Protein chains: 2
Amino acid sequence: MTESLVVHVVDDEASVRDSLRWLLESVGLRVCTHADGEAFLAEYRPQTCGCVLLDIRMPGLSGIEVLERMAQDGRRVPVIVFTGHADVPLAVRAMRLGAFDFIEKPYSDSLLLERVQRALSMRRETRDREVALEETRRAYERLSARERQVLAGVLQGRPNKLIADDLSLSIKTIEVHRANLMQKMGAHSLADLIRRVVQAGIEP
Amino acid sequence: MTESLVVHVVDDEASVRDSLRWLLESVGLRVCTHADGEAFLAEYRPQTCGCVLLDIRMPGLSGIEVLERMAQDGRRVPVIVFTGHADVPLAVRAMRLGAFDFIEKPYSDSLLLERVQRALSMRRETRDREVALEETRRAYERLSARERQVLAGVLQGRPNKLIADDLSLSIKTIEVHRANLMQKMGAHSLADLIRRVVQAGIEP
DNA sequence: GGCGGACTAGGGGATACCCTGAATCGTTTC
DNA sequence: GAAACGATTCAGGGTATCCCCTAGTCCGCC
């Protein structure tokens, strides 16, 4: 299942986009180009697969600003920053914003390809885990308000009786909500449920 | 409880160590100096508090190698790398190894102090959480072999009856081990136990 | 009017939890 | 050597809790 690994190229110069596209496609990679930061962010989703080649010097949003925006909603795509006007503070800033790598122009084709392959293989490694986390978050979104209230109680380790008291419901009703939310969350046991929720970072 | 925040200075030149000590102590910080990477790693523990100022160019272990060693057993101390022979690839390498910051010599005193304060405040923010995780790990270390086997079954969501079958023991025995390990782990409920274990990264 | 989802609830069997009691075994301590 | 301690094993009995099946109401939608 490595089909959907796309290299997203973000650069304002068409010549750079074209040469990168040619280079990457020459080794069989799928490429998607974006002329500026806004255009890329408009298409970007946290669950986007593949990796990103991001220029720093661009009109409009700079690459640093793009990194900041991506960091806000939990980036999972590795981003390789490349720029012709590199210095140490800039590289440090990009890396602190979670960039996967930082390449100075001019770069050799082989170096860039190697870094791209490294980013893609990291992405592949972490992909399954993140897909599972996304599924958990989506499942949580599908819970009803009552089910989330019950889940909150369950996560606090409260027995059904106390959850029932909190919500002024009968124990039997809590049991049903509990069974339903287990079903919806795809959990096979209480341990499974809590592990999924904790790992997905859900804290109601 | 900010008493034990120490700035660890690792540099082979005594003059640098002395001037950094003077600078840091002049603003009331506690300082501990180390003449090389080996000496520092010998004293370093993952739960060490404070932050580290690490030179790259040193005889013996380089700063990069020190970072690699620290990364192996889960560094939690923020490390500020500083070097007089900086270039972008070196900075990127250090940051990829999890350095908190990267400063070029010569640096201004105020810049260095600001970065140190930033590292210390990050350390303070994450400290309580990590202390709790450490306690969980230590508690797990104190479990007996049988208790860990039972815990493994509990984490898989298996009911006591099945755990008993797996280990060819009676349900009553499983109940005892389970109660004992809950006690030892300081867990107030099954949900609490699982959250602690998952967050501490324990996967038997 | 029917259909599905959310919410509510009871009965009964299985399971977990707590208390008391007890035996064996190995290590440490006095 | 005796005593103390912790780990491990098992049992009975009672209470609390959980889980599955069944079943009713309400509401929005086709």
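Just so it is clear, the values below take in all heavy atoms, side chains as well, and ignore hydrogens, waters and symmetry mates. For clarity, every value in this text was computed on a predicted model and none was experimentally measured. Naming: A, B, ... by sequence-line order, numbering from 1 per chain.
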Colleague: In whole angstroms, how far is the C1' atom of dG6(D) from the CG atom of L143(B)?
Modeller: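 Spelled out: CG on L143(B) to C1' on dG6(D) is 14 Å.
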Colleague: Per the side chain to side chain donor-acceptor pair (under 3.5 Å) rule, which among E175(B), R178(B), H177(B), K172(B) passes with N160(B)?
Modeller: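 Answer after filtering E175(B), R178(B), H177(B), K172(B): R178(B).
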Colleague: For a quick check under 3.5 Å, do R146(A) and Q149(A) share a side-chain donor-acceptor pair by atom type?
Modeller: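 Checked: R146(A)/Q149(A) side chains pair up, N/O donor to acceptor below 3.5 Å.
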Colleague: Below 4.0 Å from chain A heavy atoms, what is the first contacting nucleotide of DNA chain C and what is the last?
Modeller: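 Going 5' to 3' along DNA chain C, contacts run dA6(C) to dG12(C).
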Colleague: For R137(A), is the CZ atom crowded, meaning more than 12 foreign heavy atoms sit under 6.0 Å from it?
Modeller: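 Correct, the count exceeds 12.
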Colleague: Around atom CZ of R93(A), are there more than 12 heavy atoms of other residues, nucleotides or ligands at under 6.0 Å?
Modeller: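 No, CZ of R93(A) has 12 or fewer neighbouring heavy atoms, counting only those of other groups under 6.0 Å.
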Colleague: Here's one to test your reading of the geometry: is the NZ or CZ of R96(A) within 45 degrees of the ring axis of F100(B) and under 6.0 Å from its centre?
Modeller: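 Checked: cation-pi criterion met.
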Colleague: Is it the case that over 12 heavy atoms from other parts of the model lie below 6.0 angstrom from the NZ atom of K105(B)?
Modeller: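 For K105(B), atom NZ is crowded (more than 12 foreign heavy atoms under 6.0 Å).
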Colleague: Grab the CG-C1' distance between L193(A) and dC18(D) for me, whole Å please.
Modeller: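 Nearest whole value for this atom pair: 15 Å.
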Colleague: I'd like to know if R123(A) and E130(A) make a salt bridge, using a cut-off of under 4.0 Å between side-chain N and carboxylate O.
Modeller: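 Yes, R123(A) and E130(A) are salt-bridged.
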Colleague: With the threshold set at under 4.0 Å for non-hydrogen atoms, list the residues of residues 164-188 of chain A touching DNA chain D in residue-number order.
Modeller: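 When residues 164-188 of chain A is checked for heavy atoms under 4.0 Å from DNA chain D, the hits, listed by number, are K172(A), E175(A), R178(A).
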Colleague: Heavy-atom count around E141(A) CD within 6.0 Å, excluding the residue itself: above 12?
Modeller: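 Result for CD/E141(A): enclosed.
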Colleague: What's the NZ-C1' distance between K161(A) and dT15(D), to the nearest Å?
Modeller: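 Rounded to whole Å, this separation is 13 Å.
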